[in-house]
2 protein chains.
Amino acid sequence: MKVSTPVMVPAFPFADGIFPAGCPSRTVLDHVTSKWGVLLLVALSEGPQRWSELRRRAQGISEKMLAQTLKTLEADGFVRRDAQPVIPPRVDYSLTGRGEELAALLLPLVAWVAEHAEAIVNRPQS
Amino acid sequence: MKVSTPVMVPAFPFADGIFPAGCPSRTVLDHVTSKWGVLLLVALSEGPQRWSELRRRAQGISEKMLAQTLKTLEADGFVRRDAQPVIPPRVDYSLTGRGEELAALLLPLVAWVAEHAEAIVNRPQS
DNA sequence: GTGCGTACTCTCTTTTGGGAAGCATTCCCG
DNA sequence: CGGGAATGCTTCCCAAAAGAGAGTACGCAC
């Protein structure tokens, strides 16, 4: 497998300047590529999970950032929040269709990074 | 098209917890998914460019962040810095092999975001 | 009625990032 | 012959944002 597919994306017309500065693309890109956004989307790509579970999977995230990031992802329509009014509260988070599309693009990236990370940190010069 | 391909990436063994908190993957992931890191990598995927050119393409970036981000990407071995000792100075930046691999994974993601950004910002509910 | 577990929310500290000026060097213009 | 422009950074200062940690509401078990 590997990089056997240098399909070379059409490199669409980025004109001059990747994106206009105030463009929606910038906003959304910031959300999905945020430190915790990526991690949560990848975590959720393995199936619905509840708050405390996500907290465990995304090691090191604070409760504040978890809540905040989930809220952003939900507002963007990537994540579905399903709160059951039971006590103690139970809230399940899952990817929407849109979220799954995105995760499918994110996963290869994360996989590549995971595979090369050590080499990159140790011997920057490739 | 759409979600016609729930190919579901193999979802490799993320065990429990996407990455250990202090893991190199985290570090590298943060670098490449940083706000300006993505933009610069994508910009450079269209060919070598010099400082002032990058500054223009990545609309809105400050000189400080451009210098800092390029330094990080160079340290990680994604970007090559080629300074010619002429006056006025001329410095060309380009992707290394590793940088191109990464950009190839980044482009589809950026393209998807560009395509859906407006809908996401306007009508979060999909 | 005390204490626990869950899902947040609030407050305060640390880090990040933008803006602008500075710098080195040579050529161009007046 | 002197002043200003062009280029690629670097440094300083301060506002904005990220992040940690404690606090809150809620019912149930004991």
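Because the structure is predicted, anything quoted here is derived from the model rather than measured. Naming: A, B, ... by sequence-line order, numbering from 1 per chain.
- Across all strands, B:K35 comes closer than 4.0 Å to no nucleic acid atom at all (heavy-atom distances).
- Of the possible polar contacts, one joining the B:Q49 side chain to the B:A43 backbone as a donor-acceptor pair under 3.5 Å is found.
- Summarising the geometry, the separation between NE2 on A:H31 and P on D:dA18 is reported as 9 Å, rounded to the nearest angstrom.
- Looking only at distances, a side-chain donor or acceptor of A:R55 sits under 3.5 Å from a matching main-chain atom of A:I61.
- The separation between A:L70 atom CG and C:dT6 atom P is 16 Å, rounded to whole Å.
- No donor-acceptor pair under 3.5 Å is formed between the side chain of A:S25 and the backbone N or O of B:A117.
- Here D:dT11 presents its C1' atom at 13 Å from CD of B:Q68, a figure rounded to the nearest Å.
- B:E53 has its CD atom 14 Å from the P atom of D:dC9, to the nearest Å.
- Checking D:dT7, D:dC9, C:dA7 against the side-chain heavy atoms of A:R50 singles out C:dA7 as nearest.
- Nearest nucleotide to the B:W36 side chain, out of D:dT7, D:dG19, C:dG18: C:dG18.
- Checked by atom type, the side-chain pair A:R80/A:S94 shows a donor-acceptor distance below 3.5 Å.
- In this structure, the side chain of A:R98 engages the main chain of A:D76 through a donor-acceptor pair within 3.5 Å.
- Rounding to whole angstrom units, CE of residue A:M65 and C1' of C:dT16 are separated by 13 Å.
- Side chain of A:S62, nearest nucleotide from C:dT9, D:dA20, D:dT7: D:dA20.
- For B:K64, taking side-chain heavy atoms from C-beta onward, the closest of the listed nucleotides C:dT6, D:dC9, C:dG17 is C:dG17.
- One atom, CG of A:D82, and another, P of C:dA7, lie 12 Å apart when rounded to the nearest Å.
- Between the CG atom of B:L66 and the C1' atom of C:dA20 there is a distance of 16 Å, given to the nearest Å.
- Here the nucleotide nearest the side chain of A:S52, chosen from D:dA18, C:dA21, C:dA7, is C:dA7.
- Side-chain proximity of B:P88 to D:dT7, C:dT9, C:dA7: nearest is D:dT7.
- When heavy atoms are screened at a 4.0 angstrom cut-off, A:R55 is found touching no nucleic acid atom at all.
- Distance, A:D30 CG to D:dA18 C1': 14 Å, rounded to whole Å.
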